[in-house]
There are 2 protein chains.
Amino acid sequence: MRKKRTTIYDIAEKLNLTASCVSRALNNSNYVSEKTRALVLKTAAELNYKRNILATNLRNGHSKTIGIVVPRINQNFFSNIIAGIEEATYEKDYNLVICQSNEEHEKEVKCINTLINQQVDCIVISISADGHDYQHLKNVIDHGIQLIQFDRVVDELETLKVINDNELASLEAVSHMIEQGYSRIALLEGPQHLSIFKQRKAGYLAALKKYNLPVINELIVKNAWTKELGAKATRKLLSLSNPPDAVFASTSDFSALGVLEVATDIGFKVPEQLGICGYSNEAFTEITSPSITTIDQYSFFMGKTIANLYFEEMNIKEIAIQPKTISIKPNLIIRSSTSKKSTETK
Amino acid sequence: MRKKRTTIYDIAEKLNLTASCVSRALNNSNYVSEKTRALVLKTAAELNYKRNILATNLRNGHSKTIGIVVPRINQNFFSNIIAGIEEATYEKDYNLVICQSNEEHEKEVKCINTLINQQVDCIVISISADGHDYQHLKNVIDHGIQLIQFDRVVDELETLKVINDNELASLEAVSHMIEQGYSRIALLEGPQHLSIFKQRKAGYLAALKKYNLPVINELIVKNAWTKELGAKATRKLLSLSNPPDAVFASTSDFSALGVLEVATDIGFKVPEQLGICGYSNEAFTEITSPSITTIDQYSFFMGKTIANLYFEEMNIKEIAIQPKTISIKPNLIIRSSTSKKSTETK
DNA sequence: TTAATATATGCAATCGATTGCTGATATTTT
DNA sequence: AAAATATCAGCAATCGATTGCATATATTAA
């Protein structure tokens, strides 16, 4: 079935040389005559030679490959991260092996093991939501593989990290809402064992404190991070005797969309009677009516940052790599769903 | 820096065995005693042994890896395809190496070469828009690597193909619009050297013919396949002395969105005065007001189909692989933007 | 007890590319 | 012309896992 591929031995034989010489010619070594090099290059092209990277990597002990583990490949944020990493690694002739954990801890462990088997040089991961034990990540480090965590990171593990400043972004978002005149702001919070959601909550609380607003427990809804859960939470919130006048959907834009749909359905005017702020700047937030205020995480840029961080650290061979965290400040995008003031003055 | 990884030789040494024996134990060969196997497995776990796939693959002559080349990783359709492939290949312990061509022919060629170097067993590709020469794809075949084209395929190349029945889907979409009472239907067409766009146009023409409607050339707009180009085309179309009463944005939902925004802006009521149908079922089409009628390509399912096609064909070792095309019928999703009749009866 | 079979292990080559070392020419210096 | 250096090619080991073949025990049959 499969045809035999040409190797350096084939080239060597044809030219009455040895494989070593061919290898040197192919690798721009100085220890070959220009004549031989030209001959080798010509013959290689003629025979349609393609270097077997498997052999090269086995010999060299690395794979020029970066493994990526994300909860879901087809989520905007993650596919942008991947695209960003790809752009940066492509230039350096690195390959990407991509796995998805489907938010399942067990699959995440399997992915990690596959990547270790593959001899990847670096593993980039955003952990799944249901994980609690991090032995598999320690294992990566034990195998001498560079580990870079991003977005959803395990704080306790001292690795390279690239994150968003979730607390600051949330503080800004909620401050903005308060300045727009909202005072009973509900929070849709995510699983608190993930630090990103903890930070977003902290930002929310900090904003309330900053403006001397009380924390109202019945306005804080746990684990509302899908459109459906966001909708469900909103139905409950809006039927309170003293309902909120705004919702900060810190979990995602999807939950914010759920809020918007239910609010519109029940007859709450957005932004006049209810302000809404999402998280992630999904494409659709610009299109809804009203458009949704949200927080852009610069995901593509974040991907490039991750890749570049790896290449930088790679060059520091002498000293053991120091844990290091790069924090990217997300950008609050103010749209109609929180623009109460501008509608008042109309 | 990098720690030495444990190999089968380390295990062998520790147990006073040879590597061959360890290898057999690890691979469930029958030619090892249960006692030794148990011992090997135990020791492997203790030493945190991870098999070096590079060596295995070099020896076995394949890599259990599938290479994917898509124009853009972070486009919904493609990231769903990838997710689908991933789900199917994960079960079979295959890895995915992913490249993006950025719609550039040159980068596509480079990606292909990288993948050939990597000794991938199969290359899955949806060609970039600006390609005209297909030598690099022939090269894949010459290297004995299975080639599977999907969605944007080169007809002339006899390979495995997984496509949508674009013509049928378009025929259905335009027929639906005609039945809703639209008669001057404009077409936003894509680059005609890509067969998918040719087919969509053919479906459009077939529908007009079926209902005895004339083909009006000024209503057919070339290369309008971004939101901006869709908007631009719409401005022109709606300023015609005899403007269209519907637009089939065969290029994408993004162009359909451009149409919707301009129409709303100018004051054309959708769907009463202007019907709109997009293509791809992007998430946002459900959210716009009015929601946009579109065509779902079952991208995730398509990804699974691609992977399964590979595994099926792989098992047929005796006979040379026959070119084969799997055509998936897309699904017309009727939403508000073309529901003229229902608004009339209101 | 001896012969015949089964079972388990070792040996050594292989996959393809790389590289330190040795050695043979070619070139330059004295 | 002899000695010193530079240039280029070959040899052989290496990376880690696999496997056909040979061989050494253990087990069973005669």
Side-chain angles (χ1 to χ4, degrees), chain A residues 2-41 43-44 47-65 93 116-121 143-144, chain B residues 2-41 43-44 47-65 93 116-121 143-144:
Chain A
R2 193 139 203 176
K3 289 156 213 156
K4 186 91 173 43
R5 299 169 58 130
T6 50
T7 69
I8 51 171
Y9 295 94
D10 299 325
I11 300 177
E13 194 177 12
K14 186 152 182 196
L15 296 177
N16 259 68
L17 286 170
T18 49
S20 13
C21 194
V22 173
S23 171
R24 277 188 264 259
L26 257 21
N27 287 294
N28 296 317
S29 159
N30 293 319
Y31 302 97
V32 227
S33 67
E34 274 314 313
K35 211 181 89 196
T36 332
R37 161 172 297 133
L39 219 53
V40 167
L41 257 34
T43 316
L47 298 179
N48 201 3
Y49 168 78
K50 290 273 183 326
R51 169 208 252 122
N52 186 329
I53 301 266
L54 257 31
T56 304
N57 291 343
L58 173 58
R59 170 67 216 226
N60 292 339
H62 64 243
S63 61
K64 277 199 161 200
T65 296
D93 264 326
I116 296 177
N117 283 352
Q118 284 275 330
Q119 316 280 115
V120 297
D121 298 336
H143 275 89
Chain B
R2 193 141 203 173
K3 290 155 211 156
K4 185 91 176 44
R5 299 168 57 130
T6 47
T7 68
I8 50 171
Y9 296 95
D10 299 326
I11 300 177
E13 195 178 10
K14 183 151 186 196
L15 296 177
N16 258 71
L17 285 171
T18 49
S20 16
C21 196
V22 173
S23 171
R24 278 187 265 259
L26 256 20
N27 287 292
N28 294 318
S29 159
N30 293 319
Y31 301 98
V32 227
S33 69
E34 275 314 315
K35 209 181 89 196
T36 327
R37 162 171 298 132
L39 219 52
V40 167
L41 257 35
T43 314
L47 298 180
N48 201 3
Y49 168 78
K50 289 273 181 329
R51 168 208 255 124
N52 185 330
I53 300 266
L54 257 31
T56 305
N57 292 343
L58 174 59
R59 169 68 215 229
N60 292 340
H62 64 243
S63 60
K64 278 202 159 198
T65 296
D93 263 324
I116 295 178
N117 282 352
Q118 284 274 331
Q119 315 282 111
V120 297
D121 297 337
H143 275 89

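Per chain, numbering begins at 1; letters A, B, ... match sequence-line order.
- Atoms CZ and CG, on Arg24(A) and Asn30(A) in that order, are 11.0 Å from each other to the nearest 0.5 Å.
- In this structure, the side chain of Arg37(A) engages the main chain of Ser29(A) through a donor-acceptor pair within 3.5 Å.
- Atom CD1 of Ile116(B) and atom CD1 of Ile53(A) lie 11.5 Å apart (nearest 0.5 Å).
- Heavy-atom distances to DNA chain C give each of Asn30(B) and Leu58(B) a nearest nucleotide, and the one nearer the 5′ end belongs to Asn30(B).
- Contact annotation for Asn57(B): no contact, since no heavy-atom pair falls under 4.0 Å across all strands.
- Atoms OG1 and CD, from Thr56(B) and Gln118(A) in turn, are 10.0 Å apart once rounded to the nearest 0.5 Å.
- The heavy-atom pair separating Thr18(B) from Ala12(B) by the smallest distance is C-CB, 3.6 Å.
- At a threshold of 4.0 angstrom between heavy atoms, the contacts of Arg51(A) are confined to the sugar-phosphate backbone, with no base atom among them.
- Considering every non-hydrogen atom in both Val120(B) and Ser63(B), the closest pair reads CA-OG, 3.4 Å.
- Going from atom CG of Leu15(B) over to atom OG1 of Thr43(B) covers 4.0 Å, rounded to the nearest 0.5 Å.
- In this structure, OG1 on Thr65(A) lies 10.0 Å from CD on Gln119(A), to the nearest 0.5 angstrom.
- Along DNA chain C, the nucleotide nearest Tyr31(B) and the nucleotide nearest Asn60(B) are compared for position; the residue whose nucleotide lies closer to the 5' end is Tyr31(B).
- Between the side chain of Asn52(B) and the backbone N or O of Leu54(B), at least one donor-acceptor pair lies under 3.5 Å.
- Residue contacts shown for Leu54(B) are absent, as no nucleic acid heavy atom lies under 4.0 Å away.
- Contact annotation: Thr36(A) side-chain N/O to dA9(D) OP1/OP2 distance is under 4.0 Å.
- When DNA chain C is scanned in the 5' to 3' direction for atoms under 4.0 Å from non-hydrogen atoms of chain B, the outermost contacting nucleotides are dA8(C) to dG16(C).
- Residues from residues 7-16 of chain A lying near DNA chain D, meaning a heavy-atom separation below 4.0 Å, are Asn16(A) in numerical order.
- Going from atom CZ of Arg24(A) over to atom C1' of dA9(D) covers 7 Å, rounded to whole Å.
- If you check every strand for non-hydrogen atoms under 4.0 Å, Ser20(B) touches a base.
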